[in-house]
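In what follows, a single structure is set out as structure tokens and then discussed.
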Amino acid sequence: NLKSNQTIAIKTLNHKIFIFSIVLAMVCLLSTEAVHAQSIRKTLTVADFEQMIANTQDIQFFDIRTAAEYKAGHISGARNADLTDTGFNRIINGLNKIKPIFLYSIDNKTAAATAKILIKNGHQQIYMLQGGYAAWIAASKPVEKTARNAPVKSNKAPVISEKELWNQINTNLIVMV
């Protein structure tokens, strides 16, 4: 009879531990969802995006295209953060998690992937340009171009044609190769 009572007590204890484990797992899941629910990931029209970057203080604003694409033309105030560049993680890790982040890429697929990474890392306010840089251009919005010989931060070696190299040699006093 003692053995039977011990077996019942063990089964009851196991049942309570099982129920407690399920409740604990649900609480953890709900708290994780609550953290993600506090994050804002919003896609804005060109007009709304332009208005928000103009009227929001302390923004973190990034062009998520290649350095060459950025150099050819970008939205004023945007910093280049090429997702394929080895320095990308350093840039992302250095961002303030509370300040709003504005992103765009050529058509917004890369910006959306970047937004997922940022949310996973605890960033709270992420705004993307609907249609990306292509929509900005289609709306005839202003762009900046980096000067032809201005350096663009990248860990990739710049590639220029032989014609461009000879042009640099003939027009500049110093050419570093």
Side-chain angles (χ1 to χ4, degrees), residues 26-160 164 168 171-172 176:
M26 289 176 62
V27 167
C28 290
L29 180 64
L30 291 175
S31 66
T32 301
E33 289 299 317
V35 168
H36 288 298
Q38 292 173 3
S39 296
I40 298 170
R41 178 181 168 207
K42 189 171 184 180
T43 303
L44 303 171
T45 65
V46 171
D48 290 341
F49 192 84
E50 182 178 38
Q51 183 178 11
M52 284 193 71
I53 60 174
N55 297 328
T56 305
Q57 292 187 356
D58 293 329
I59 67 170
Q60 302 172 103
F61 184 24
F62 295 95
D63 179 322
I64 311 295
R65 299 178 301 147
T66 67
E69 290 169 322
Y70 176 84
K71 189 175 180 180
H74 56 273
I75 300 171
S76 179
R79 289 177 45 204
N80 186 228
D82 180 356
L83 184 63
T84 64
D85 193 89
T86 57
F88 180 78
N89 285 334
R90 180 182 39 80
I91 292 169
I92 295 300
N93 291 335
L95 296 177
N96 184 311
K97 292 185 179 188
I98 297 170
K99 291 181 182 180
I101 300 171
F102 291 79
L103 305 171
Y104 68 90
S105 56
I106 192 67
D107 61 4
N108 234 29
K109 290 177 184 168
T110 309
T114 303
K116 285 181 183 179
I117 294 168
L118 292 168
I119 288 171
K120 186 176 179 181
N121 287 325
H123 293 275
Q124 297 177 3
Q125 299 178 63
I126 300 150
Y127 301 95
M128 296 176 298
L129 175 59
Q130 182 180 353
Y133 188 71
W136 186 269
I137 295 298
S140 301
K141 296 297 181 181
V143 297
E144 278 185 0
K145 294 185 180 190
T146 305
R148 183 164 190 218
N149 296 324
V152 175
K153 280 189 171 184
S154 175
N155 291 334
K156 296 179 182 177
V159 177
I160 64 171
E164 288 175 303
Q168 291 292 318
T171 59
N172 293 307
M176 298 179 77

What pairs with Glu69 under side chain to side chain donor-acceptor pair (under 3.5 Å), at least two apart in sequence or on another chain?
Thr66
Do Asp85 and Ile91 come close enough that some side-chain heavy atom pair is under 4.5 Å?
no
Heavy-atom nearest pair, Leu44 first then Asp48, reads CB-CB, 4.1 Å
Can you name the residues that form a side-chain contact (heavy atoms from CB on, under 4.5 Å) with Leu95, not counting sequence neighbours?
Gln60, Phe62, Ile92, Ile101, Leu118, His123
Which residue pairs pass the salt bridge (charged side-chain N to carboxylate O under 4.0 Å, His left out) test with at least one member in residues 126-140, sequence neighbours excluded?
none
Listed partners of Thr56 passing side chain to side chain donor-acceptor pair (under 3.5 Å), at least two apart
none
Trp136 side chain vs Pro142 backbone, donor-acceptor pair below 3.5 Å
yes
By ring pair (Phe, Tyr, Trp, His ring centres under 6.0 Å) - contacts of Phe49 (at least two apart)
Phe61, Phe102
Closest approach of Ala115 and Arg41, non-hydrogen atoms and distance?
CB-NE, 3.7 Å
Has the side chain of Tyr70 got a donor or acceptor atom that lies under 3.5 Å from a matching backbone atom of Ala78?
yes
side-chain contact (heavy atoms from CB on, under 4.5 Å) against Ala135, all qualifying residues, sequence neighbours excluded
Val46
Can you tell me how far the CZ atom of Phe88 sits from the OG1 atom of Thr114, to the nearest 0.5 Å?
4.0 Å
Between the CZ atom in Arg65 and the OH atom in Tyr133, the distance rounded to the nearest 0.5 Å is 5.0 Å
Return the set of residues passing salt bridge (charged side-chain N to carboxylate O under 4.0 Å, His left out) with Lys141 (not counting sequence neighbours), or none when no residue passes.
Glu50
To the nearest 0.5 Å, how far apart are CD1 in Ile119 and CD1 in Ile126?
4.0 Å
Among residues two or more places apart or on two chains, list those pairs meeting salt bridge (charged side-chain N to carboxylate O under 4.0 Å, His left out) that have a residue in residues 121-134.
none
State, to 0.1 Å, how close Glu144 and Ser76 come at their nearest heavy-atom pair, and which atoms those are.
OE2-OG, 2.9 Å
Side chain to side chain donor-acceptor pair (under 3.5 Å) contacts touching residues 95-113 (sequence neighbours left out):
Asp63-Tyr104
Between Gln130 and Thr43, do the side chains contain a donor N or O and an acceptor N or O under 3.5 Å apart?
no
